[in-house]
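See below for the structure under consideration.
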Amino acid sequence: MPKQDTPQQVLAGLTSKNQFTKTGTTICGVICKNGVVLGADTRSTAGDIVMDKNCEKIHYIAPNIYCCGAGTAADTEYTTELISSQCKLHRYRTDRDTRVATAKTMLTRHLFQYQGHVSAALVLGGVDVLGPHLHTIYPHGSTDTLPFVAMGSGSLAAISMLEQGDADHQGWRPNMEVEEAVDLVKRAIHAGIFNDMGSGSNVDICVITKDEAGKVAADYRRNTDIANPRKYRRDVPYKLPSTRLVEVNGDMDM
Amino acid sequence: MMLEGHDESFNENPKANGEVSLGTTIMAIRFDHGVVMAADSRTTTGSFIANRVTDKIYKVTDNIYCCRSGSAADTQAISDIVKANLTVHSLELGQPPAVNTAAKVFRSMCYKYRDQLSAGIIVGGVDSTGPHVYSIPLGGSVVEQPFSIGGSGSTYIYGYCDAHYRPGMSKEECIEFAKSCVALAMSRDGSSGGLIRLAVITPDGVERQVVTGIEQ
């Protein structure tokens, strides 16, 4: 019978083996008519352990630009926050909405400067005055501009859904309607969730579109699909709330 | 030192360092009044193809283009910096920059940071002195050639190119030569594939072409 580690031993093992909290991850993005749809799973892991069953991998960069992040969770979080803040200052300085190319350049320069040691693989998508844009950014600082992309450990499963589809559904094609694209992204993330061990839990979606008037709106649909609901829950043997109030002192401020 | 297109981690653990490389077959040929640049379209991370429709022919100025091979991050960063430098230079000069100048700017960066970079670049363009092709391989040397091949796939076509290249070929002959060279390399090199992208640079402008499927 294998010996069970104590929680302290597990944590010690994680730090010594350099198993930082990573977003195992499936993230993807597609360009559709008038906009961009981004999708991500919600599992974050440290080695073999799931650290967060419902984390947020779609990060805010600007009102019209969002960025999915795979790799080391701290790196993706910090890098996207840094660039988001730089973009806000840039908006104040230029009195214009941020362009996706600006965010892309800032992210690329930052990652290239750190020569791949900042382990952040990003899917950057947004709509600006020039239209919808979608880019992948790799940890060493290279970028690709494509109509559909997937990154992370589940990217192989996701990209196969985007390239080919399955028996009942088609893959990506140009000028898809927004809801069709959302459905495609959901299926791609599903493929990652169920076929990749580093990805799991739920699906987050972010839809960024420009309407006829030219106004750009971002619709962040957190937990749009709870693919792995917690089915079994044992009732607790006590009634909640369990702390009995004896006496309330008049002034609660200390 | 890491060879173009193949790193040591390739066989044990393809995604060991996650570096994105332009496996690549690139070439440029000079003809009487212009240059034909050609490249495949595959970018790989280990054995996974990150982008199967990459454009490796990058516009440095209206009259000068470069073909990129080696590390995607390094070549993109270098190309962006050289493009910015040459844009300012041409504004100060008051005319389009010479291809020679572009090659020197590339070289200065590739040589200075030769230990940190993995970039093999072919510069091609047309200026007031005519068409030119410069090759800047890994160490940062520059050499002007009538035609130049580069990338991991080029090793398979050295013999073919030497046997079939003739000085004084016409534009159409050069285009067909480039297509057949890149196609042959793509069929033998695992790190090259996808489409064949072409750019034909003449004093009248630049014509971009795409060839899908491997020509027989």
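In the text below, chain A, chain B and the rest are named by the order of the sequence lines, each starting its count at 1.
- Minimum interatomic distance between B/Ala50 and A/Leu146 (heavy atoms only, all atoms of both residues): O-CD1, 4.3 Å.
- Heavy atoms of other residues, nucleotides or ligands lying less than 6.0 angstrom from CG of A/Asp168 number more than 12.
- More than 12 heavy atoms of other residues, nucleotides or ligands lie within 6.0 Å of OH in B/Tyr158, so this atom counts as buried by the packing criterion.
- Neither the backbone nor the side chain of A/Thr136 comes within contact range of chain B, judged by heavy atoms closer than 4.5 Å.
- Only the side chain of A/Glu163 has a heavy atom closer than 4.5 Å to any heavy atom of chain B.
- Taking all atoms of both residues into account, the shortest heavy-atom contact from A/Phe112 to B/Ala73 is CE1-O, 3.6 Å.
- Applying the 6.0 Å contact sphere to OH of B/Tyr113 captures no more than 12 heavy atoms from other residues, nucleotides or ligands.
- In this structure, B/Lys104 places its NZ atom where only 12 or fewer heavy-atom neighbours from other residues, nucleotides or ligands lie under 6.0 Å away.
- Atoms OG1 and CE, from B/Thr45 and A/Met151 in turn, are 8.0 Å apart once rounded to the nearest 0.5 Å.
- Both the backbone and the side chain of B/Asp74 come within contact range of chain A, with heavy atoms under 4.5 Å apart.
- Here the side chain of B/Glu19 pairs no donor or acceptor atom with the backbone of A/His140 at under 3.5 angstrom.
- Around atom OH of A/Tyr78, no more than 12 heavy atoms belonging to other residues, nucleotides or ligands sit under 6.0 Å away.
- Dense packing is recorded around CD of B/Gln145, with more than 12 heavy atoms of other residues, nucleotides or ligands lying under 6.0 Å away.
- Expressed to the nearest 0.5 Å, how far CG of B/Asp80 lies from OG1 of A/Thr105 amounts to 7.5 Å.
- Atom CZ of A/Arg99 is surrounded by 12 or fewer heavy atoms from other residues, nucleotides or ligands within 6.0 Å.
- Within the model, atoms CG of B/Asn51 and OH of A/Tyr138 stand 7.5 Å from one another, a figure rounded to the nearest 0.5 Å.
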